[in-house]
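Being a predicted model, the structure only gives us computed values, none of them experimental. Protein chains get the first letters and strands the later ones, always in sequence-line order, with residue 1 at the start of each.
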Protein chains: 2
Amino acid sequence: MKSNLYEKKAQIFKALSNPVRLEIIDFLANGEKCVCEIVEKLNYEQPHISKSLIKLKEAGLIKDRKDGLNVYYSLKICCMGDFFNCLNKILESDLKS
Amino acid sequence: MKSNLYEKKAQIFKALSNPVRLEIIDFLANGEKCVCEIVEKLNYEQPHISKSLIKLKEAGLIKDRKDGLNVYYSLKICCMGDFFNCLNKILESDLKS
DNA sequence: ATTATATATTCCAATTATGGCATATATAGT
DNA sequence: ACTATATATGCCATAATTGGAATATATAAT
């Protein structure tokens with residue numbers, strides 16, 4: 001169904017449409033991190049970070065791995081680099097115009 | 001400011017986080033269209049389309065050009081193709097897993 | 001078994017998005 | 001000037017998102 005595809009795409013963009021979640025993705029670009037590391041790095045309550053991670057995971061952007069008490073999250077997307085390079089181009093061209 | 005950059009990026013993603021707006025972008029990929037063409041193509045009220053277009057424009061994703069009574073909108077981003085190819089990869093890998 | 005620690009879930013108030021409807025504005029033609 | 005047409009704006013009810021605070025769950029260590 002075509003409309004479903006647009007819905008699915010919209011969901012991905014929605015997951016990315018929040019500064020905290022974008023910052024998480026940026027941090028995960030350095031490699032797999034556990035929730036506590038992300039909480040420590042960003043300045044938000046742990047429940048908020050947890051919810052953000054779950055939203056990113058539901059969108060298919062990150063994956064998790066449990067190890068003892070810790071849950072490690074990492075990027076699931078190979079092309080995230082291109083993705084964000086494009087975004088930077090948009091932002092640059094926006095500043096010029 | 002770093003936080004501002006995340007905010008700005010989030011705004012772009014927010015503009016893309018809606019099926020109607022994604023469908024508009026898809027349609028504009030075929031080239032410049034006036035509002036009336038977009039209204040005709042998609043099945044939404046004209047005011048809603050107008051508001052969607054303005055949101056996309058504010059995010060810096062499309063631009064407009066006035067000609068008589070008509071306003072023509074077109075994609076402002078060169079790398080939209082890569083952008084959406086990446087998205088499709090995400091969706092495919094999501095279906096597999 | 002008890003305690004400590006990491007993460008997830010629930011609940012909530014405040015804000016923001018959605019999309020329809022009515023209306024306003026702007027331009028073109030007569 | 002008047003009318004028609006294209007687009008934008010304002011208003012509104014409903015729904016979704018945000019992020020904090022409290023609490024629950026799960027695992028590890030003693």
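Distance A:N70 CG to D:dA26 C1': 12 Å, rounded to the nearest Å. At whole-Å resolution of the value, CG in B:L42 and C1' in D:dT7 are 16 Å apart. Counting to the nearest Å, the P atom of C:dT7 and the CD1 atom of A:I24 are 13 Å from each other. Separating the CD atom of B:E45 from the C1' atom of D:dA13 is a distance of 16 Å, rounded to the nearest angstrom. At whole-Å resolution of the value, CD1 in A:I54 and P in D:dT25 are 15 Å apart. Rounded to whole Å, atom C1' of D:dT5 lies 13 Å from atom NZ of B:K66. Here the P atom of nucleotide D:dA16 and the CD atom of A:Q11 are 14 Å apart, to the nearest Å. To the nearest angstrom, C1' of C:dA8 lies 18 Å from CZ of A:R65.
Side-chain proximity of A:Q46 to the nucleotides C:dG19, C:dT7, D:dG19 is greatest for C:dT7. Side-chain atoms of A:P47 lie closest to C:dT9 of the nucleotides C:dT9, C:dT7, D:dT9. Taking every side-chain heavy atom of B:Y73 into account, D:dA8 is the closest of C:dG19, D:dA8, C:dT7. Taking every side-chain heavy atom of B:H48 into account, C:dG19 is the closest of C:dG19, D:dT7, C:dC21. Here the side chain of B:K55 is nearest to one of C:dA17, D:dT7, C:dG20, namely C:dA17. For B:L69, whose side chain is taken as the heavy atoms from C-beta onward, the closest listed nucleotide among D:dA8, C:dT18, C:dA28 is C:dA28. Of the candidates C:dG20, C:dT9, D:dT7, C:dT9 carries the atom nearest the A:K51 side chain, counting heavy atoms from C-beta on.
Distances shown here put every side-chain N or O of A:K14 at or beyond 4.0 Å from the OP1 or OP2 atom of D:dA16. Note on A:N18: a side-chain N or O is less than 4.0 Å away from OP1 or OP2 of D:dG19.
Taking hydrophobic clusters as Ile, Leu, Val, Met, Phe, Trp and Tyr residues chained together by side-chain heavy-atom distances below 4.5 Å, B:I24 does not share a cluster with B:Y72.
Mapping B:V71 and A:S52 onto DNA chain D via the closest heavy atom, the residue that lands nearer the 5' end is B:V71. Nearer the 5' end of DNA chain C, as judged by each residue's closest nucleotide, is the contact made by A:V39, out of A:V39 and B:Y44. Of the two residues near DNA chain D, A:R21 and A:D67, the one whose nearest nucleotide lies more 5' is A:R21.
Heavy atoms of A:I49 sit nowhere under 4.0 angstrom from any nucleic acid atom. Contacts of B:L53 with the nucleic acid, taken as non-hydrogen atoms under 4.0 Å apart, are absent.
Residues A:L53 and A:D64 are not in side-chain contact: their nearest non-hydrogen atoms beyond the backbone lie 4.5 Å or more apart. Residues B:K9 and B:L5 have side chains in contact (heavy-atom distance under 4.5 Å, counting atoms from C-beta outward).
In this structure, the side chain of B:D67 does not engage the main chain of B:N70 through any donor-acceptor pair within 3.5 Å. No donor-acceptor pair under 3.5 Å is formed between the side chain of B:E58 and the backbone N or O of B:K55. Judged by distance alone, the side chain of A:S17 and the main-chain N or O of A:K14 form a donor-acceptor pair under 3.5 Å.
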